[in-house]
Amino acid sequence: PVGKPMRLTMSSLDVIHSFYIPAFRLKKDVVPGRYTVMWFEAIKEGLYPLMCTGYCGDEHSSMVGRIHVVPADQYDAVLAKPC
């Protein structure tokens with residue numbers, strides 16, 4: 001949700017990943033067998049790319065995604081839906 005602090009707790013099963021969100025200027029290594037925590041607060045709605053910036057294996061180039069920053073009520077509605 002826009003304007004609310006978010007915490008990511010991350011872990012890896014096999015190799016070190018370098019989790020990177022360029023628009024937020026955040027990068028954190030994710031290490032096997034440990035939990036890594038990253039905090040951020042998005043201030044503008046939108047879609048923001050994320051990627052792994054450390055070579056982590058054959059499929060490294062496909063380790064991409066997006067962060068969807070939405071209004072708080074829309075975020076809450078998604079969380080309220082049954083799985």
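Side-chain atoms are counted along with the backbone in the values below, which use heavy atoms only and exclude waters and symmetry mates.
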**Hydrophobic cluster membership, Leu79 vs Met6, 4.5 Å side-chain cutoff** =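 Result: yes, single cluster for both.
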
**Prompt:** Between Ala72 and Pro1, what is the shortest heavy-atom contact and its length?
**Reply:**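 Heavy atoms of Ala72 and Pro1 come nearest at CA-CB, 3.8 Å.
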
**Prompt:** Which pair of heavy atoms, one from Cys52 and one from Gly54, lies closest together, and at what distance?
**Reply:**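 For Cys52 and Gly54, the tightest heavy-atom pair comes out as SG-O, 3.3 Å.
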
**Item:** Residues forming a side-chain contact (heavy atoms from CB on, under 4.5 Å) with Phe24, sequence neighbours excluded
**Value:**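 side-chain contact (heavy atoms from CB on, under 4.5 Å) list for Phe24, sorted by chain: Ile21, Leu26, Phe40, Ala42, Tyr48, Ile67, Val69.
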
**Request:** Scan for side-chain hydrogen bond (donor to acceptor under 3.5 Å, both in side chains) pairs involving residues 3-17, sequence neighbours excluded, and state none if there are none.
**Result:**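 Pairs touching residues 3-17 that pass the test: Ser12-Asp14.
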
**Message:** Run the side-chain hydrogen bond (donor to acceptor under 3.5 Å, both in side chains) test against Asp76 and tell me which residues pass, sequence neighbours left out.
**Reply:**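 Once residues adjacent in sequence are excluded, Asp76 has no partner under the side-chain hydrogen bond (donor to acceptor under 3.5 Å, both in side chains) criterion.
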
**Asked** Apart from Met51 itself, what residues make up its hydrophobic cluster, given side-chain heavy atom links below 4.5 Å?
**Response**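 Listed partners: Tyr20, Val64.
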
**Transitive ILVMFWY cluster of Ile43, excluding itself - 4.5 Å side-chain cut-off** =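 Ile43 shares its hydrophobic cluster with no other residue.
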
**Asked** How many angstroms lie between NE2 in His68 and CD in Gln74, if you round to the nearest 0.5 Å?
**Response**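 It is 10.5 Å, given to the nearest 0.5 Å.
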
Name every donor-acceptor pair, under 3.5 Å, that has one atom in a side chain of residues 27-39 and the other anywhere in the protein, sequence neighbours excluded.
unit_1: Lys27; atom_1: NZ; unit_2: Thr53; atom_2: OG1; d: 3.4
unit_1: Asp29; atom_1: OD1; unit_2: Ser18; atom_2: OG; d: 3.0
unit_1: Thr36; atom_1: OG1; unit_2: Asp29; atom_2: O; d: 3.1

